[in-house]
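Here the structure comes first, spelled out in structure tokens, and everything after it is commentary.
Chain letters run A, B, ... following the sequence lines, proteins first, then strands; residues in each count from 1.
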Amino acid sequence: MIFTTAPSAAPDVEAAESYSQQIPSRLIANAEPKWLKRQQYVYRRTVLPIEGGRVLLRLTQTPIVEVDPSTRECEALGWDVRMPCDKVENLAKEMARRFLDLFSKADAGRLTESERSSWLKVLDHVDFVAFSVDRAAPHYLEGTLKRLEPVCIIEWHDGERRLPVTARGRDAVALAAPSNRQPAGGISRRPETAPLVRLPSAKP
Amino acid sequence: MPNRLPFYRRPPVVERVLSVYTSMPDEIFESRFEDWRTLVAPEYPAYEPLKQWLILVKDREQEEGLPLFDTMQPELRITPRFSKKTSKEGFDWSIRCPPGQLTVNMHSRPDQGLTRRYGNLRSEFGRWLPRWIENFSVESASKIAAHYVNLVNRHTVPKFVTEKGELLLGDVLTVFSRIPGQHEYLVAPFDCKATVQLQGDNKSLLRLTVSDWPDPGLAPAVRVDFIVEVLAPKVGASAEGIMALLDWCH
């Protein structure tokens, strides 16, 4: 029978800051990797918030972050965004900032040759059409509410039918068109992605 | 709070964690995170996201058990985390909120007289849960979990320490006391895991993990984790229902 630990049973583990805990077959290290070769990590994000989340930049590819152990810096591949590994929590913000910086310069026709190359690479990673729709100024669009329940259907002026699928979308329709066959003015065709208060552009 | 919660007189618990999970589209999370930050920041001013570099280690049996790094899917995970004190100030209460998850951590120091109870954590979690549900338009909980981290050493269980400073671990954790044979001492590393499916209407699991405590300064010390998970709870987005299940987990 065993009753006590050995008097000198100091556990043979690393210091707390590099302590690893294990969940099934996966190690979680609380320190940056120390390998000599560059290592790539998947950064699972599908959107980047802009303007505090009022506009979302949808990504078409999962970002890849490459770590350079010699400089302890990491880089979002295809974005030309580099930063120290210990500041990596700012990566999404810096990617969004990079996009906006290039976008504003492209919009003003002020891209340098290298920036133009970067801009083209960034465009490969984002849904630029959706971004353009989301950030466009809202405008009035007339449609007819065909039904609200169980599935909301609006027929827009050009005959297209769209289903606002979320609760917010249904709320928006209910507010704008309280009775059947009323104009559903100002309702986005993408209400599932837009807060009610913004009523963003309906034009895709 | 229910009238009769289980009460443990001197639990060696150093951290308690309550969590609720849901299915949440990234668009919802990202578009409402700043509103959530505005709510949380006044009471939890230290914002220190948890940065994790995850790697996968494969056990290649066909290569004589040689463990190899799987270079295909290393992952960078950044978890938003708000706390009342920064890690430098002595990390304390915290709220973690990655997409589809609300977690509240509460620390205790039973060796220094700071003995917080489940009731303390329950009150705090109960304040934030309805706000989280409303802010992110949560429709139903997909998992509920309670996690207790116990530190077993001479400070937290002094009655189980001999005059020579030996920890009577076999008396504290009976899992070690039935190993057959003649033995002198238990020697680190300690490593034991068990998972039990619990009785009841809910599909629930108790996971028990015994391992070394990573701080050599506290040795001899053992870490004992109790995690109770309720999978697919039938409570929808009812805060009362979720809290009742957390009481059951406790």
As a quick check of understanding, evaluate side chain to side chain contact (heavy atoms under 4.5 Å, CB included) for A:Arg58 and B:Glu27, giving each step before the final call.
CA-CA 9 Å; A:Arg58 290 167 182 77; B:Glu27 286 86 353; 4.1 Å; yes
Atom of [X], atom of [Y] and distance for their closest heavy-atom approach:
X       : Y       : result
A:Gln39 : B:Pro74 : NE2-CG, 3.2 Å
B:Ile78 : A:Glu89 : CD1-CA, 3.9 Å
A:Tyr41 : B:Leu54 : CE2-O, 3.8 Å

What part of A:Val88 gets closer than 4.5 Å to chain B, counting heavy atoms only: side chain, backbone, both or neither?
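It is both, since atoms from each part get that close.
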First locate atom [atom1] of [X], then atom [atom2] of [Y], and finally report the distance between them rounded to the nearest 0.5 Å.
X       : Y       : atom1 : atom2 : answer
A:Tyr43 : B:Glu75 : OH    : CD    : 10.5 Å
B:Glu30 : A:Arg45 : CD    : CZ    : 4.0 Å
B:Glu34 : A:Glu51 : CD    : CD    : 12.0 Å

Evaluate the criterion side chain to side chain contact (heavy atoms under 4.5 Å, CB included) for residue pair B:Leu76 and A:Leu91; output intermediate values, then yes/no.
CA-CA 11 Å; B:Leu76 167 61; A:Leu91 186 61; 4.3 Å; yes
For B:Lys84, does the NZ atom sit with more than 12 other heavy atoms under 6.0 Å from it, leaving out its own atoms?
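Correct, the count exceeds 12.
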Determine whether more than 12 heavy atoms belonging to other residues, nucleotides or ligands lie under 6.0 Å from atom NZ of A:Lys121.
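Yes, enclosed.
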